[in-house]
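Input: a single structure, listed below in structure tokens.
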Amino acid sequence: MNFDYSKPKLDASQLIDLYKAMLKSRMIEEKMLILLRQGKISKWFSGIGQEAISSGITLAMREDEYILPMHRNLSVFTNRKIPLYRLFSQWQGKMNGFTKGRDRSFHFGTQEFKIVGMISHLGPQLGVANGIALAHKLKNEEKVTAVFSGEGATSEGDFHEALNVASVWSLPVLFCIENNGYGLSTPVSEQFNCEHIADKGKGYGMESHIIEGNNIVEVYSRVAEITKSIRKDPRPVLLEFKTFRMRGHEEASGTKYVPKELLNEWSRKDPILNFQEFLRNESILSEKEEVAIKTEFAHEINDNLDIAFQEKEVNSSLEKELSDVYKNFDNQIIDPSKKVSKIRLVDAISQGLYQSMERHPELVIMGQDIASYGGVFKITEGFAKKFGPERVRNTPICESSIIEAAFGLSVSGVKSVVELQFGDFVTSGFNPVVNLLAKSFYRWGQNADVVLRMPCGAGVGAGPFHSQTNEAWFTKTPGLKVVYPAFPADAKGLLASAIEDPNPVLFFEHKQLYRSVYQEVSDDFYTIPIGKASLVQEGEEISIITYGAGVHWAIDSLEKLKLKADLIDLRSLQPLDTEAIYNSVKKTGKVIILQEDSLFGGIASDISALISEHCFEFLDAPVVRIGSPEMPIPFAKNLEEIYLPNKRFELALMDLINY
Ligand SMILES: Cc1ncc(C[n+]2csc(CCOP(=O)(O)OP(=O)(O)O)c2C)c(N)n1
Ligand SMILES: [Mg+2]
């Protein structure tokens, strides 16, 4: 026997529970390997040899505490007592599973069992745990959140960001790293250059421990003791579990590259066989009892497999699938009141945000320098004083982790707004936006009640990294909404709606318009529906379709050229008000679409295609698109003028009028 199971001394029934916790998932896996060979399931990531970790942790947690497992943590799912047929159906892509056939294997979460499943990108789990833990902390609930990662994924930036945020914010998170020697075929020696992952805790000012991951008694008792302490004294703890991956990365890939001696050495440390031997030696488990337990589990597995195999294939339709990309939301339209003040775009956004903070006592804002400094554009000036630093949170510079945390807040039913200091920096948090926020509702019904505020746009001499308007990256990602107001009144009402909306919304705020556009804006809270364009000017000669700064360029050109045009300010790009577009084009027969971003692959191209497909017979001229050229945005004023499309727009507008 390789392990000391005598300390601390657990009573017999606890020991039997630990044994059963590991055994059930081992037996399920053994069955899965048979089914895999028979071609009855498609892919399998084995946790054989690592069961002590997920079993011990899950049993040490309370059932009302969230666990965020990875692809080798079957024991988390079984020990949360998910009926097995539901797991089997999940792996077969059937309705009794958790994703309606929309995602595979362990890629699901379930609020019912307080499990938040992974996205394939591994690392984002760690930041999501921070968000859940933050919600517990804000609500003064004494709860721990446990999140898993392999040692390979600790090389991802998400790991470092998550540890840093958790430490700076003292979040009650248990970071559970399973160091199983390999990340796919990559050994730890090629993954990181320090002896223990636990050593990294020190760099983040975080308590960390190394735990013998194949010793169930050690895992369970140490985690139980640490979680108990975290509940009373909220803080993150990094745990490195030493273990080994006994099978291939996934079953098809094998273990050829793993030295035989290592496999032999670790097979002698099998967490279940060793523990079983101990229980027998201590006369805690008789042979008869062992057989009875195994027989009971075998029946349970077979019976549940029968149920899953008998279940029909998923039956759906395109309409049904599309209807589940966004959470249904009946936006209560609150009309603007009579009392108005003439304010700038920047003030309107600030007011909208402030009034939403009053309306939703749980709403949290997160961003760099947004608390006492008020944000670089001063939109949250005074907020921290009024709402407190817990709700108006300064963040370290880690866009990914904060966006992941926003999702975690949403899992806990807490709305959040994330201020990107500049919309350009969303690239540092791109993955969680397009994969986590955008896809979770469709995948397993978990909405992301998050607004990302994106100060954007050129014309302010800010160069290639502070001038982009990158809405096109998001309008093509199903699951996201994209809003882009051009006027103060719209900005205020649309921001309010974006915050009301339980879906993820990217809210673009043009920096050049912040302090240059004034409008009379209703003082009180009101909402404007997302997805409705506004007809800024009406005329018969031509339709101009644009948004953001483009609306103001168009207004200037129309005034200068004395033209009578329909000027459509889209306001929302996703969903897009195609009805307003088609109605106008059908009326005027000529259309020019203007966007600030470089032209190729932007929304102007899609609008042009839609018009060609839906309004062809009504057109008197080719559809014209104007945007910026395919180049980075230059800094010097005269170069920026060359870049921006407003002058080319005016020429094209005249050409089209004269067509
Ligand atoms: C961002 C990203 N890069 C690469 C992969 C492909 N991939 C999936 S699992 C894996 C290895 C993960 O290793 P580790 O974190 O040690 O977990 P283990 O599989 O050993 O449990 C890789 C490279 C991925 N899913 N996501
Ligand atoms: Mg690994």
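Remember, it's 1-based here, ligands and their atoms both numbered in the order they're listed. The first residue of the sequence shown is numbered 1, and numbering continues consecutively from there.
At a heavy-atom cutoff of 4.0 Å, ligand 1 is contacted by the side chain of His71 but not by its backbone. Only the side chain of Arg72 comes within 4.0 Å of ligand 1, counting heavy atoms alone; its backbone N, CA, C and O stay farther away. Within the 4.0 Å heavy-atom criterion, neither part of Phe45 lies near ligand 1. With a heavy-atom cut-off of 4.0 Å, His249 touches ligand 1 through its side chain alone.
Checked for salt-bridge contact, Glu311 and Lys94 miss the test: no charged N lies under 4.0 Å from a carboxylate O. At a threshold of 4.0 Å, the pair Glu29-Lys31 does not count as salt-bridged, since none of the basic side-chain nitrogens sits closer than that to a carboxylate oxygen.
Gly123 and Ala153 make their closest contact through N-CB, 4.5 Å (heavy atoms, listed as atom of the first residue, atom of the second, distance).
Protein heavy atom nearest atom 15 (O) of ligand 1, with residue, atom name and distance: Ala153 N, 2.9 Å. The protein heavy atom nearest to atom 20 (O) of ligand 1 is Tyr182 O, 2.8 Å.
Heavy-atom contacts from other residues, nucleotides or ligands closer than 6.0 Å to CG of Asn264 number more than 12.
For a distance bound of 2.8 Å, the N, O or S atoms of Glu151 include one lying that close to the Mg ion (ligand 2). Inclusion of Asn179 in the first shell of the Mg ion (ligand 2) is not supported: no N, O or S atom falls under 2.8 Å.
At distances below 3.5 Å, not a single donor-acceptor pair connects side-chain atoms of Glu251 with backbone N or O atoms of Trp44.
Put simply, the residue from Ile402, Leu163, Val165, Leu409 that forms a side-chain contact (heavy atoms from CB on, under 4.5 Å) with Asn130 is Val165.
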